[in-house]
Structures are given as C-alpha cells and as structure tokens.
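Throughout, a chain's letter reflects where its sequence line sits, starting with A, and its residues are numbered from 1.
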Amino acid sequence: MVRVRFAPSPTGYLHIGSARTFIFNWLFARKQKGTMILRIDDTDVERNTQASLDSIFDGLNWLGLGWDEFYRQSERGELYAKAAWAIFDKDLAYRDFTPMSAGGEDKSGDAKAAWLCNPGMRELSRAESDRRANAGEPFVLRFRVPREPERTITFTDLVYGEQSKSTADIEDFALLRSNGGVTYHHASCVDDADLRISHIVRGQDHLSNTFKHILIFEALGVEAPRFAHLPLLTAPDGAKLSKRKHGPVVSVTTYRDAGFLPQSYINFLCLLGWNPKDNREKMSIDELVEAFTFDGVNRANAVVNFSEEDPIDPKALWLNSQHIYALSVPELAAAIAPVFTAAGYQFDEAKLLKITPLIQERIKTLNDAVGAADFFFVDELAPYDPAELTPQKGDAAMALRVLEAGRTALETAEFNHDGLDSVLRAQAAALGVKAGQMFQPIRVAVCGRKVAPPLFETLEVLGRETCLKRIDQAVLKLK
RNA sequence: GGCGCUAUCGUCUAAGGGUUAGGACGGAGCCCUCUCAAGGCUCUAAUAGGGGUUCGAAUCCCCUUAGCGCUACCA
C-alpha cells in the first residue's frame, strides 16, 4: 500500500517548490491508488506562524487536489521523546553536555574529529552521563553514528539512483534539543515510521540528509521507506527562490491572483523537472496522474523563467491559455464571472455566456477577460482618439461615409452573423471600399478601440440599440 | 574546507553507443483573415572543457570547470 506525505513547516508562505513537491506526492498517490497525507512539521516553535499556516492552506486549497489524512507534529510530542529514549537505551544515542555556544563555530574545516562530534561527549560513561543529567545539566541527545568500523550507508533513490556515503562523513546529529524539543530529522523519521509512509518524496535538498534518516530508521527498528528526491526549482540566476530576493513569484497565491487556472499551474509545475516522454505539454490532471512515474523525473535543477519586467514564466502563461481554451463555455464563464464582478460590472448569466466564446481564445489569464471585454459592460465608452476611426488607406471622410452607411444598414439588418455579414459587405461594395475599410470604423465606433473580438458577433451581443448609439457618437466625434 | 548531487538551444526538456541531436515556450518571418487572437508552415538556437573506452559517444569511465545542496540544539 502506497502512503506518501507532504510535510511543510509553517515558517513562510506556500513556496512554489513546495507546491510542486505536494503535487508529485499527490500524483504518485493517485496513480498508485494510495494515501496522501498532509503533515505539518511544526517542531520549531520559534519560527512557526499562524499566517504561514494559513498561507499553506490557502495555496493548497486553491490547487484543489486535497489529501486523505492530516497530522500536526506539535500534537505528537510524546511519540518523539519516547522514540528518542528508546534509541538512547539501545546506546545508539548519547547525551552531549557541550554548551550551545561552544564548538559550533569552527567545527567546519580543519579538525575532522571535532566536526564529527564534540570532544569527550561520545565517550562519556552511562553513569557519568546519568549523574550530570540528574544534576540538572542541560544536554542535547545525539545520535551515535557508527564509525568503528565505519560503514557505508546505501540506498536506491527512485530518481537519483544508487546513493552511498560513509559514516565517516556523517556527524553525530541531534535528536533532542537541550530545551526538550525535537529536531526535524528525528520527528520526521519517527512520524514516517509511525504513519507507515511507504515513499518519501521530497526536495533534493534532503538527499544528503537521507543517510542520517536511514540511520534513524535502523535505530527505530523499522524498514526505511523508499526515497524519491526531486530536483530543486531555482531563479534564472541559479539561486534558490526566496521571497526576500525574488518577491511574489515564489508564492503560489501570486499565480492564483494573476488569473491562473489551478489545473494549468499544476501542469506547469509538473513540467518543471518531469516530463511524460511523449512530447505532450498541455495535460489535464487525469492525464498527469495516468502519465506520472519517477522515471520521468529529471535530475538537474529547473529554472523558473521570470524576470523583473515579467514575473510570470512565459510557458506558464501559454499553458494557461491552452487550459482556458480547453474549457467549455459555461466553465470559462463561471471562472471569469468573479473577475468581472470584481471589476464592478453588472451582468446576467445569459449575456456572459454570449461574451465568453468571443474572448476565449484571446485571453491568457482569467484577469485578461476584463481588458478584452470591458466595452460589453459599460454604458459609455471610454474616450478614444477619433483618428482611430479612420480605416487603413482611407481618411476621415471615408470613415464618416462608412459609419453613416453602416448605421443606416444596421437599422434594419438582422442582428446575427449572417445577416450582419451580408448587409455590411453589401454596403462596402456600394461605397466602393474594401470590407476591412468598412468594418474597422464600425469596430472602433462600437468597441472604442481597434483590437477587439470579431465584429459581427460583437455587434450581435451589443444589440442594435447600443450599436446605433455608439455609431452616432462616433459620427459626432468626426464632425 | 569536507561530503553529496548535477551539467543538451535563452528557458522547460527528448534522445540511456549509430538520429540531419527531436519537441515546447520565447523571438523572427510567411499563410489564413474584418482588427486582435487562434491555427498552419518556415526560420532562430544546444550536447561546459579535456582525456580515455569503442569501428562508433550527448549517451559509459576519469579529470577539470561551473552550479546547487548538506555540513545547526532550522526545516
């Protein structure tokens, strides 16, 4: 039975790299008909914030994938302490009474022995250790990494393949802190064991930590889960993404607020470091579940291609437009309705359903809908330059003739595609102008700009009355 | 510094001994066309460097370089 977990620590907003880790876990769980667990790793009481927890749920809820089980480490404290002392009782851990300030600084570098463990502490007799602890001396509980003889720890990562590291290169890491708190490594492993996690799918930043984790699982007397590490997401300069340095691009909610469809953002994140091997790009959630394997995961870090001018990766934008195009009209209408409402426009569903297909292939984000369709909603068009009314290779006089003839024609025309098409083309012929020269002044008159959806459908949705009124206003502008 | 991981177009990636090194985004151009899109076609651009192994390396091995990660009583 496959059981995977996503274990964020609430010390910041939901990072897009974390979101991707969640997604890969979820995809694997669904593909394997397994269980997806959300576990909040909040063992660092100093750095946890409620705002951060809220932001994680915010982001996860927007993605909309969900999870099957939920846990919080802060509620499972006894478990970790119990497990830690069990390890101590097996003599696989020892008390380190070194004061917190000492040792830490120049451990890096020269003296390797000093880096592996604090002098004297590893060898402390049990009796001496107990005596000092009973005397109230603070200590951290350290794992006794087996070193005489040294051992090579190995495992097969589902993404990175065979991995090995000598215990001579693993320092005696902490399990319990001097304040009684538990460390990440320990809590994480105890929980993974307790929750019977079958596969740990996480960022590659934990690849080297895995050797420590395997040691802990061993000490716990359980079989270690399988591991799959994911390449990291970086900024264009190769640096890891950070809010302070790169701003809102690192937060999932930024994409939600920019008008992304969650399924397209999920699709985009999946393509960063994974691919289905068959050149598919735009994929639905179901297709992703069906296609997902760890074999398709790449090993090199992936760059999120944003810049200061454009905080959105162009490929994400393109994918979003593809997903928007894949939506049915009612689906898209439902998605853009809140955008229009937020812009302060009044409308009914019937009207929205008529407008939606006109802008569907013209918007890359949901937010683009306002700019693409605003003229359908306003009573009065925003002021525009009358020069815009002048058609290609024509002049203001031609614009005037076209508008007046067009107005007359529209008074009696049938307001549907075919009716408008034939009537306006006939007018163009009668005036001796090209169809485009006929359409453009009318388009500008009714839309207030040159770039707009196809003319006949636009006129139809606007209705005869509005069209005639706006043409009259355009004629006035020209005179 | 030590240990580990990685290295194909600007970006995301395919090709896991034999290909004109493929696709996508972006950019450029053409077609289509009532504008804008969408769509179609074409072009642009890559195997970090050096050694091996082999009849033959993007692919396997070694070295160099570069980047990233870990090296906390953070996660």
- Which part of the nucleic acid, if any, lies within contact of Lys434(A), taking any heavy atom under 4.0 Å across all strands shown: a base, the sugar-phosphate backbone alone, or nothing? nothing
- With a 4.0 Å cut-off on heavy atoms, is Pro453(A) in touch with a base, just the backbone sugar-phosphate, or nothing at all? base
- Any idea how Tyr13(A) and His15(A) line up, ring-wise: parallel (<30°), tilted (30 to 60°), or perpendicular (>60°)? parallel
- Task: Take Leu207(A) and Ala239(A), find for each the nucleotide of RNA chain B with the closest heavy atom, and name the residue whose nucleotide sits nearer the 5' end.
- Result: Leu207(A)
- Please determine, for U35(B), whether a Watson-Crick or G-U wobble partner exists with both distances under 3.5 Å, and give it or none. none
- Query: In terms of ring plane angle, is the pair Phe173(A) and Phe143(A) parallel, tilted or perpendicular, where the classes change at 30° and 60°?
  - Reply: parallel
- Query: Using 30° and 60° as the class limits, which term best fits the ring planes of Phe57(A) and Phe70(A): parallel, tilted or perpendicular?
  - Reply: tilted
- Query: Across all strands, who's sitting opposite C30(B) as a Watson-Crick or G-U wobble pair, both distances under 3.5 Å?
  - Reply: G40(B)
- Want to settle it: does Val303(A) or Gln204(A) sit nearer the 5' end of RNA chain B, counting the closest nucleotide to each? Gln204(A)
- Side chains of Glu46(A) and Asn179(A) in contact at under 4.5 Å (non-hydrogen atoms): no
- Message: For G23(B), does the base pair up with any side-chain atom of Glu281(A) as donor and acceptor (N or O, under 3.5 Å, distance only)?
- Response: yes
- Query: When you measure from every atom of RNA chain B, which of residues 310-327 of chain A have a heavy atom less than 4.0 Å away?
  - Reply: Pro314(A), Lys315(A), Trp318(A), Gln322(A)
- Message: Taking any heavy-atom pair under 4.0 Å as a contact, classify Thr183(A): base, sugar-phosphate, or nothing.
- Response: sugar-phosphate
- Does OP1 or OP2 of A75(B) have a side-chain N or O of Arg177(A) closer than 4.0 Å? yes
- Query: Which base sits across from G1(B) as a Watson-Crick or G-U pair, both distances under 3.5 Å?
  - Reply: U71(B)
- Note on the structure: For Pro357(A), the side chain to side chain contact (heavy atoms under 4.5 Å, CB included) test, sequence neighbours excluded, returns Val329(A)
- Item | Base C70(B) paired with Ser208(A) side chain (donor-acceptor, <3.5 Å) | no
- Identified pairing partner of A66(B), criterion: Watson-Crick or G-U wobble below 3.5 Å: U6(B)
- Query: Taking the inter-plane angle between the rings of Phe139(A) and Trp85(A) on a 0 to 90° scale, is it parallel (under 30°), tilted (30 to 60°) or perpendicular (over 60°)?
  - Reply: perpendicular
- For Lys282(A) and C25(B), is the shortest distance between a side-chain N/O and OP1 or OP2 below 4.0 Å? no
- Side chain Arg362(A) and base C36(B) donor-acceptor under 3.5 Å: yes
- Task: Kindly say if Arg47(A) contacts the phosphate of A75(B), meaning a side-chain N or O under 4.0 Å from OP1 or OP2.
- Result: no
- How would you label the contact of Leu271(A) with the nucleic acid (heavy atoms, under 4.0 Å): base, sugar-phosphate, or nothing? sugar-phosphate
- Query: Should Gln163(A) be listed as having a side-chain N or O under 4.0 Å from OP1 or OP2 of C5(B)?
  - Reply: yes
- Message: Side chain of Arg142(A) only, heavy atoms from C-beta on: which candidate in C73(B), C70(B), G69(B) is closest?
- Response: C73(B)
- Answer with base, sugar-phosphate or nothing: what part of the nucleic acid does Lys277(A) contact at a heavy-atom distance below 4.0 Å? sugar-phosphate
- Using whole Å, report how far OH of Tyr184(A) lies from P of U71(B). 11 Å
- Check every strand shown and say whether Gly273(A) touches a base, only sugar-phosphate, or nothing at a heavy-atom separation below 4.0 Å. sugar-phosphate
- For A14(B), what is the paired nucleotide under Watson-Crick or G-U wobble rules, both distances under 3.5 Å? none
- Task: Looking only at side-chain atoms of Asn275(A), point me to the closest of U13(B), C3(B), G22(B).
- Result: U13(B)
